Amino acid sequence: PLVVNATVTILNTPDGNKEILAANTTSTNITATYVGSTLFLRGPATPSDFRRVIATVTYTDLCCTNDNTNSYTPPSTQTRMIEFVVNDGINSSVPAYVYLYFSPINMPPFLDLSGNTPGVSSQASFYDQMGPISVVAKDAILYDIDNVTLAYIEVTILNPLDGSLESLWVESVSVPYQVSRSVMGLVTYTPTQSYNSTTSTLLITGLDTVSQFETILRTLKYNNLAPIPHNATRVLSVVASDGLLETTVNASIVTVVLND
């Protein structure tokens with residue numbers, strides 16, 4: 001006997017038409033069509049062919065696509081119930097069910113020091129004896145698609161050729177003074193900054209909103225108090241963290257220009 005058709009149906013689709021079923025029908029007489037929330041497998045074909053095709057059924061939720069915008073919404077974690085039914089042209093089988101369980105996955109924050117300029121690194125020029133400079137774009141981008149808060153930003157001068165005479169700081173934060181407040185039901189703390197001249201590292205810490213950390217990042221400054229600074233290009237590494245995952249390390253390239 002042959003199997004005429006089979007249906008595979010997602011009985012609950014909290015993410016709507018972004019939830020898709022598919023199957024591999026290669027080397028069979030079976031066709032696959034997905035309409036609404038049901039995958040239609042049409043024969044006729046042998047039970048073994050239908051068994052092989054049903055075993056290839058896959059589920060995808062396209063809401064997981066990240067297009068580097070703040071509009072991302074994580075998939076619903078509601079358990080999905082998927083129903084399988086086969087038919088020989090006269091009778092349908094007793095339904096069989098698969099349950100899909102979802103566990104939230106923490107995604108790392110995203111950092112772009114150049115803002116709307118192509119690339120994710122920034123460039124700046126430091127002029128001898130002319131004072132501190134901004135080292136990231138005024139529209140630098142920092143966001144997290146699945147967290148409303150961040151834990152810290154760390155900036156390090158990777159080649160501080162003038163040692164402790166080089167420094168980093170941000171203008172939006174004062175040195176260690178924390179104020180707690182509530183944001184979206186979460187207790188947050190105004191970030192503090194501390195610069196370690198031995199490691200040439202600026203650490204900005206405090207559980208605060210992503211937008212607040214973005215505002216702080218945009219005020220990042222570099223200065224060099226050496227009478228005659230070493231004129232090699234400095235590389236600053238910048239990372240942000242949600243407390244569990246860090247962004248990809250981005251660089252700020254500082255060109256040192258000596259006055260004649």
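Predicted, not measured: the structure shown is a model, and the values here were computed from it.
- Each of L11 and F84 belongs to its own hydrophobic cluster when Ile, Leu, Val, Met, Phe, Trp and Tyr are linked at side-chain heavy-atom distances under 4.5 angstrom.
- Residues V57 and F102 are members of one and the same hydrophobic cluster, defined by side-chain heavy-atom contacts under 4.5 angstrom among Ile, Leu, Val, Met, Phe, Trp and Tyr.
- The CD1 atom of I20 lies 11.0 Å from the CG atom of L39; values are rounded to the nearest 0.5 Å.
- In this structure S48 satisfies the side-chain contact (heavy atoms from CB on, under 4.5 Å) test together with T46, R51, sequence neighbours excluded.
- In terms of heavy-atom proximity, N224 sits nearest to P229 at ND2-CB, 3.7 Å.
- No donor-acceptor pair under 3.5 Å is formed between the side chain of N196 and the backbone N or O of T201.
- Here the side chain of N29 pairs no donor or acceptor atom with the backbone of P44 at under 3.5 angstrom.
- In summary, the side chains of S37 and T9 do not present any donor paired with an acceptor at a separation below 3.5 Å, with no hydrogens or angles considered.
- Checked by atom type, the side-chain pair Y222/E166 shows a donor-acceptor distance below 3.5 Å.
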>> Checking L111 against I153 for the side-chain contact (heavy atoms from CB on, under 4.5 Å) test, could you report, in this order, the C-alpha distance in whole Å, the side-chain angles of both residues, the deciding distance, and whether it holds?
In response: CA-CA 10 Å; L111 177 62; I153 294 175; over 6 Å; no

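- Side-chain atoms of D242 come within 3.5 Å of backbone N or O of L244 as a donor-acceptor pair.
- In this structure N87 satisfies the side chain to side chain donor-acceptor pair (under 3.5 Å) test together with S92, sequence neighbours excluded.
- From S200, atom OG reaches atom CG of N159 across 9.0 Å, with rounding to the nearest 0.5 Å.
- Of the possible polar contacts, one joining the T219 side chain to the E171 backbone as a donor-acceptor pair under 3.5 Å is found.
- Two residues are said to be in side-chain contact when any heavy atoms from C-beta on lie closer than 4.5 Å; D146 and D144 meet this criterion.
- Residues P14 and E19 have side chains in contact (heavy-atom distance under 4.5 Å, counting atoms from C-beta outward).
- S122 pairs in a side chain to side chain contact (heavy atoms under 4.5 Å, CB included) with only one of the listed residues (V136, V254, L236, T117), which is V136.
- Connection of L220 to V235 is not established within any shared hydrophobic cluster, with ILVMFWY side chains joined at heavy-atom distances below 4.5 Å, either directly or through further cluster members.
- Listed here is the closest heavy atom pair of F40 and V35: CE1-CB, 4.0 Å.
- Other residues, nucleotides and ligands contribute over 12 non-hydrogen atoms within 6.0 Å of the CD atom of E246.
- L100 and I10 fall within the same hydrophobic cluster, defined by Ile, Leu, Val, Met, Phe, Trp and Tyr side-chain heavy atoms under 4.5 Å apart, directly or through other members.
- Taking OG of S167 as the reference point, atom CG of D162 lies at 11.5 Å (rounded to 0.5 Å).
- A distance of 9.5 Å separates OG in S197 from CG in L165, rounded to the nearest 0.5 Å.
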List, one per line, each side-chain donor-acceptor pair under 3.5 Å for residues 125-135, sequence neighbours excluded.
unit_1, atom_1, unit_2, atom_2, d
Q129, NE2, P227, O, 3.0
S134, OG, K221, NZ, 3.3

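- Using a 4.5 Å heavy-atom threshold, the side chains of I54 and V86 count as touching.
- Here the shortest heavy-atom pairing between D49 and R52 reads OD1-NH2, 2.9 Å.
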>> Working note: D112 + S114, criterion side chain to side chain donor-acceptor pair (under 3.5 Å); need CA distance, chi angles, decisive distance, verdict.
In response: CA-CA 6 Å; D112 183 347; S114 64; 2.8 Å; yes

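- Here the side chain of R42 pairs no donor or acceptor atom with the backbone of T31 at under 3.5 angstrom.
- Rounded to the nearest 0.5 Å, atoms CG (N17) and CG (L62) are 8.5 Å apart.
- Between A23 and L41, the closest heavy-atom pair is CB-CD2, 4.2 Å.
- Looking at T25, its side chain never comes within 3.5 Å of a backbone N or O of T28 through a donor-acceptor pair.
- Using a 4.5 Å cut-off on side-chain heavy atoms (C-beta onward), V85 and P95 make contact.
- Taking each heavy atom of L150 and P109 in turn, the nearest pair found is CD2-CG, 3.8 Å.
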> Does the pair V8 and I82 meet the rule for a side-chain contact (heavy atoms from CB on, under 4.5 Å), with working shown?
Replying inline: CA-CA 7 Å; V8 186; I82 301 178; 3.5 Å; yes

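- Without hydrogens or angle criteria, D15 side chain to K18 main chain gives no donor-acceptor distance under 3.5 Å.
- Scanning both residues, A240 and L142, for their nearest heavy atoms gives CB-CD1, 3.8 Å.
- The cluster map of Ile, Leu, Val, Met, Phe, Trp and Tyr, joined by side-chain heavy atoms under 4.5 Å apart, puts V210 and I204 in the same cluster.
- In this structure, CG in N116 is found 14.0 Å from NZ in K138, a value given to the nearest 0.5 Å.
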>> Set out, in order, the CA-CA distance, both residues' side-chain angles and the distance that settles side-chain contact (heavy atoms from CB on, under 4.5 Å) for Q193 and I216, then state yes or no.
In response: CA-CA 10 Å; Q193 64 174 316; I216 291 169; over 6 Å; no

>> One pair to check against side-chain contact (heavy atoms from CB on, under 4.5 Å): I145 and F110. What are the steps and the verdict?
In response: CA-CA 8 Å; I145 58 180; F110 176 81; over 6 Å; no

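- Put simply, the residue from L158, I253, L161 that forms a side chain to side chain contact (heavy atoms under 4.5 Å, CB included) with R234 is L161.
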